[in-house]
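The structure appears below as structure tokens.
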Amino acid sequence: MFGNNKLNETQRAPVIWQRGSVMGALSHLQIVEIGSAAAASYCARLFADFGATVLKVEPPRGDPIRRTAPYTPNGQSAWFAFLNFNKSSVALDSNDESASLRLTELIGDCDVLIDGRDIDAADCPAFDLAALKRNNPGLIHVEASWFGHEGPYGNFEATDSTIRALTGLVKLVGPVEGPPVHAPDFQTGILAGLWGFVSASSSVLSRMKDGHGRTSKLSIFESSIAVSEYIMFEAFLRGDIMRRIGVNRFWPTFPVGIYETKQGWLGVTTVTPAQWRAFCEMLGLFDLRDDATLFLGVDRLQHMEDIESRFVPKLKQRTAQEWFAEGLKRKIPIVPVPGIGDLIRDEEKKSRGAIVPIAIGDETGFTAGSMQRLTGTPPRRGGAVPAVGERQPVTVRSHGAAARAPLPKPRDSDRLPLEGVRVIDFSMGWAGPICTRTLADLGADVIKIEAMQYPDWWRGIDRRPDYVLEKMYEKMPRFCIMNRNKRGITLDLTRPQGLQLAKRLLADADLAVDNYSVEVLPKLGLGYDVLSKLNPKLVMMSMSAFGSGSIYRDCRGYGSTLEQGSGLPGVVGDANGPPVMSHTAFGDAVGGLNGCAAVLIAVIHARRTGKGQFIDLAQIECMMPFAAPWIVAHSIDGEEPVKYGNRHPDFVPHGCFPCAGSDNWIVVAVSSDAMWPKLARLLGRADWAADQALKQAAGRRQIEQQIEAAISAWTSTRDPDQAMNTLQAAGIASGVARLPIDLLKDPQLHARGFTQEIDRAFIGRHPQPSMPFRETDKPFAIRSPPPTLGEHNREILAGILGLSSAEIDQLARDGIIGTEMLMEEQLVKEKKQAAG
């Protein structure tokens, strides 16, 4: 699957790249991007990927992101390159009196304004936004900020790492004794960029209906909670039980980690008892396989050292590739852990467009492409990064914003963006349901299809009588947070009656989503080849681990598998350390958000043309943007990525420092040279503040260890929140390394009403996370609790399909529908009856 890391000259320098006019699904749109924010840039790039004309406004010196590491041999920022290929650059000097007029003209003729000025204004010329919105009522505006403008963190300084610390994404990673380990930058910009795109593209759909634009305010802090919300709300049920348990070890199961083999590193995940037993059997550890006290992952967590001492030596007897082949045979979720060079050489990733050619001035290389793999209107395959002021060839478009949007109708202020969109949701677990939950939050009618025989596995997979009779499958917070605002129905799709009812629902739907293994729905007769004939406007998305056309399509995968195979772990941690995972299931939320972006693009196209299409989303590819800067740099210079640990290539100092008390930590980042003297004075080092040799990061790098010792001495005597508030009062970026459970009482989230409480049968009053963008001073409301099993059977079968009460009763008697999960013995009996 993956080979060695060295690139030859041909692989380093692609000969051609795609450039110029591309008629894509979004080619009718014009986007203007202002300010300097990675989230805004990534949001805009997602539009460019599908043919939109993107005008990036920057000062004559260029977007400050152009001056962020890692760099190509010619000194170009690889991060900027990834965020900005296929855009046009418009250089405007705020000191020029004509700049404001020119910017006003650009925004006046655009469809979507993506606004990163609250992160960094980047000398953006002034303009009258209110007047622009009055003159162009169809204008869509997405504004990004670190925290939102209200709440105790509203004016905080922030960086990627301080945000991740505050959102519970740092403290659980790394050695038990500390310090916690955090990945390099680039994560919050991608996550918030995806959310920004969801906001903007859903507004495009809304505008197609009533002609009105919408304004959204996006919190980067809240955007990152999508990755930690599962553990956050599990903590609501289980209490304060989660702690950092070692490098590549994570609650709630074991092993979930990365291990050395005879050649290469191997990502291992064992969740179900069957996977654990197969893993032990593969290694010849039959006593562990048969030990009933180790069947469950939570039990194995109590014996990690002993278990690892048994299987780690075994793994070193064969290569990662050999173990991967064995795992495929045994359906074990294991995967070789690639280096950056391995990703670049992967021919399948190139053929799928996950790795694409890129041109940066005179340099050519590769980067992560679009992960929204629409097959009918595919994204661009690579492109050129604009120099300051450089325009791309103009795409053929409609005649101005006013012609592209229908004339505004009287607006219903309560209408949600996706009202009128119907989604048939076959997905389960985390990745698919967070995609469809987001659509439901935005007003889509999402109908979740389960079966009494096989309900959503996030309800629990325990079929013992006590679990079923006590309705424990209705009491799982993880299921509840992923399935609010949906309607639920049960259908046994393995039987003709259930299959036909599903087809009738799909015949008038806009969208179908599943995250089963790739063969499940086609084998049932619900493949896109069948459904597209039934409903030509249907958009259908498969969200498998590797993609429906991949040679690895049969590889089992979880969110952990996706991170292990993404290339990201190889750039995390210390220089001589192993690849380091950052999360127990990083890939699930990331895959879900990419899936949401993909279906919105496809539905926009379907609404414009009447043509649906199939989306072949590979969740493992969705993790690759987090490694994109190193892909760009390595594809050009062939050098191995530098691992900085908790330090930073641009910011000095930067790290995770101890605070008073047990296992308390804070991330501190001097993200600008202007911030340094403020920190020096706070540390009582006026001499450092005045030292000309330390005014720039390169000078401070020479005494970095001394500076870190001084920070540790200062923070270690202070409560973490006290330290953060003192640092922030002085204008220094910092963030407490919180546990996920801490977010339930986080003062910023509380002040903004991010956590909403709702009632639901069987579980009672419980908290739910909001979406990270809002159109008013409050988040989008949770309109209905998650469905109990089969709760809306009658409502949907009668109201949508027109079945009579007698017909519905007969379906229940036949076991096609129902409201109670089957116990194991009931399921076995039903299978025997079907076979007999």
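Bear in mind the structure is a predicted one, so any value in this text is a computation, not a measurement.
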Check whether more than 12 heavy atoms from other residues, nucleotides or ligands sit under 6.0 Å from atom NE2 of His149, and answer yes or no.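 Atom NE2 in His149 is crowded, with more than 12 foreign heavy atoms closer than 6.0 Å.
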Within the supplied structure, the quantity of interest is the number of heavy atoms (other residues, nucleotides, ligands) at a distance under 6.0 Å from Asp299 CG; does it exceed 12?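 Yes, enclosed.
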Given the ring of Phe586, does Arg164 sit roughly above its face, with NZ or CZ under 6.0 Å from the centre of the six-membered ring and within 45° of the axis?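 Pair Arg164/Phe586 does not count as cation-pi.
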Determine, for Trp430 and Arg478, whether the Lys NZ or Arg CZ falls below 6.0 Å from the six-membered ring centre while staying within 45 degrees of the axis.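 No, a cation-pi geometry is absent between Arg478 and Trp430.
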Minimum heavy-atom separation for Ala368 to Ala628, with atom names?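 It is CB-CB, 4.0 Å.
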For a quick test of reading the model, state the closest non-hydrogen atom pair linking Ile758 to Pro786 and the distance between them.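 The pair with the smallest heavy-atom distance is CD1-CD, 4.0 Å.
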Would you please say whether a donor-acceptor pair under 3.5 Å links the side chains of [X] and [Y]?
X: Asp160; Y: Thr188; answer: yes
X: Ser560; Y: Thr269; answer: yes
X: Asn646; Y: His654; answer: no
X: Ser199; Y: Ser216; answer: yes
X: His766; Y: Gln768; answer: yes
X: Arg738; Y: Thr167; answer: no
X: Glu563; Y: Tyr558; answer: no

Residues [X] and [Y] bridged, charged N to O under 4.0 Å:
X: Arg415; Y: Glu419; result: no
X: Arg774; Y: Asp777; result: no
X: Glu474; Y: Arg760; result: yes
X: Asp456; Y: Lys448; result: yes
X: Lys486; Y: Asp445; result: no
X: Asp510; Y: Arg422; result: no
X: Arg214; Y: Glu143; result: no
X: Glu450; Y: Arg459; result: yes
X: Glu775; Y: Lys217; result: no

Which class fits the ring pair [X] and [Y]: parallel under 30°, tilted 30 to 60°, perpendicular over 60°?
X: Trp79; Y: Phe82; value: parallel
X: Phe147; Y: Phe156; value: perpendicular
X: Tyr153; Y: Phe221; value: perpendicular

Can you tell me if Asp425 uses its side chain to pair, donor with acceptor, with the backbone of Ile449 under 3.5 Å?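 No, Asp425 side chain to Ile449 backbone: no donor-acceptor pair under 3.5 Å.
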Between Ser542 and Asp616, is a side-chain hydrogen bond (donor to acceptor under 3.5 Å, both in side chains) present by the stated rule, with each step listed? CA-CA 5 Å; Ser542 168; Asp616 179 19; 5.0 Å; no
[X]-[Y] aromatic ring centre distance below 6.0 Å:
X: Tyr473; Y: Phe479; answer: no
X: Trp665; Y: Phe657; answer: no
X: Phe197; Y: Phe47; answer: yes

Which is it for Asp49 and Gln372 under the side-chain hydrogen bond (donor to acceptor under 3.5 Å, both in side chains) test, yes or no, and what are the steps along the way? CA-CA 9 Å; Asp49 285 343; Gln372 291 74 41; over 6 Å; no
